[in-house]
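Below: one structure, written as structure tokens.
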Amino acid sequence: MLRAQPGASSSRINSAVEWAGVDGVVLLAVPGSALASESACAAFARSLGPFAAGKIVLDATNPLDSELNELVWERGRSSAEVLQDALPESFVFKAFNTVGLEHMAAPAGKLVNRRRLTLMYAGAEERAQQAGDLISAVGFEPQYVGHIRHARNLEALAELYIHLGAGVGGGHWAALDGTRPFHFQVLRRQE
């Protein structure tokens, strides 16, 4: 189920899917607490039934506790890893979870450094190019970081991003209007 956000455009998402040539994508963007346990992931997978089989599932959730203080992992595994186990016929990718809402509408980096923003993602190598094409189609520079096991690194990075935006650890990371004018960017030396 999708719920509209101010400034969001479902037509942009639809055209990106068509442009990228990806047949069958599920974007999971629910509160992370909805998938903070193995039983919750299993229940979600059952609710999809055979719909998700063979499809790319983009998991944008961050399984934080109800106070948004810390990650909730069972047995040291990310929610994306657990979701992949619950959807064995799907291709789960952890993606879009390390980018704030304000940057979703500005992937060209106008709120940070005016450089195209990197979007890191992890998941099945055999479908990584298709997931990357979709990420590129919505305006981000895709950066594949490896197998779904690396989703736990992306979830930990998102936890840090959320904490910095909330002013944890000192400093003034958030702007006066509440936006987060910072982003974790992958940079490479130009040869």
### Summary
Note: Ala124 and Phe91 closest approach over all heavy atoms is CB-CD2, 3.8 Å

### Query
Of Asn97, Ile135, Leu134, which meets side-chain contact (heavy atoms from CB on, under 4.5 Å) against Leu58?
Leu134

### Task
Test side-chain contact (heavy atoms from CB on, under 4.5 Å) on Lys55 and Val25 and set out the steps.
CA-CA 6 Å; Lys55 292 184 171 71; Val25 175; over 6 Å; no

### Query
Is Arg149 reaching over with its side chain to a backbone N or O of Gly123, donor-acceptor style, under 3.5 angstrom?
no

### Task
Quick one: list whatever passes side-chain hydrogen bond (donor to acceptor under 3.5 Å, both in side chains) with Arg115, sequence neighbours left out.
none

### Side-chain heavy atoms of Lys94 within contact of Thr61, under 4.5 Å
yes

## Note on the structure
Which of Val57, Leu48, Leu83 passes side-chain contact (heavy atoms from CB on, under 4.5 Å) with Ser90? It is Val57

## Note on the structure
To the nearest 0.5 Å, atom CG of Leu117 lies from atom CZ of Arg114 at 11.5 Å

### Query
Taking only residues two or more places apart in sequence or in another chain, which ones pass side-chain hydrogen bond (donor to acceptor under 3.5 Å, both in side chains) with Glu81?
Ser78, Arg152

### Query
Glu155 and Ser79: side-chain donor and acceptor closer than 3.5 Å?
yes

### Message
Just verifying a value: how many Å separate Gln143 CD and Glu141 CD, rounded to the nearest 0.5 Å?
### Response
8.0 Å

### Message
To check you understand the geometry: which heavy-atom pair defines the closest contact between Leu154 and Val145, and what is its length?
### Response
CD1-CG2, 4.1 Å

### Summary
Across all chains, not counting sequence neighbours, the ring-ring contact (aromatic ring centres under 6.0 Å, His included) partners of Phe44 are none

### Task
List for me each residue that meets side-chain hydrogen bond (donor to acceptor under 3.5 Å, both in side chains) alongside Glu125, sequence neighbours excluded, and say none if there are none.
none

#### Entry: Sequence-distant partners of Arg46, side-chain contact (heavy atoms from CB on, under 4.5 Å), two or more places apart
Ala42, Ala43

### Query
Roughly how far, to the nearest 0.5 Å, is CG of Leu187 from CG of Asn113?
8.0 Å

### Min side-chain heavy-atom separation Asn62-Glu159 under 4.5 Å
no

### Task
Please round to the nearest 0.5 Å and tell me the distance separating atom CG of Leu27 and atom CG of Asp59.
9.0 Å

### Message
Please give me the minimum heavy-atom distance between Met120 and Leu157, naming the atom from each residue.
### Response
CE-CD2, 3.3 Å

### Message
Ring-plane angle category for Phe184 and Tyr161, please: parallel below 30°, perpendicular beyond 60°, tilted otherwise.
### Response
perpendicular

### Message
With salt bridge (charged side-chain N to carboxylate O under 4.0 Å, His left out) as the rule and sequence neighbours excluded, what pairs involving residues 83-93 come up?
### Response
Arg77-Asp85

### Message
Quick check: closest heavy atoms across Leu87 and Ala45, and the distance to 0.1 Å?
### Response
CD2-CB, 3.5 Å

### Message
Test your reading of the model: is there a side-chain donor-acceptor pair from Arg116 to the backbone of Phe140, 3.5 Å cut-off?
### Response
yes

### Min side-chain heavy-atom separation Cys41-Val82 under 4.5 Å
yes

### Query
What's the shortest heavy-atom distance between Pro107 and Val138, and which atoms?
CG-O, 3.5 Å

### Task
Give me the ring orientation class for Tyr121 and Phe93: parallel if the planes are under 30° apart, tilted from 30 to 60°, perpendicular past 60°.
tilted

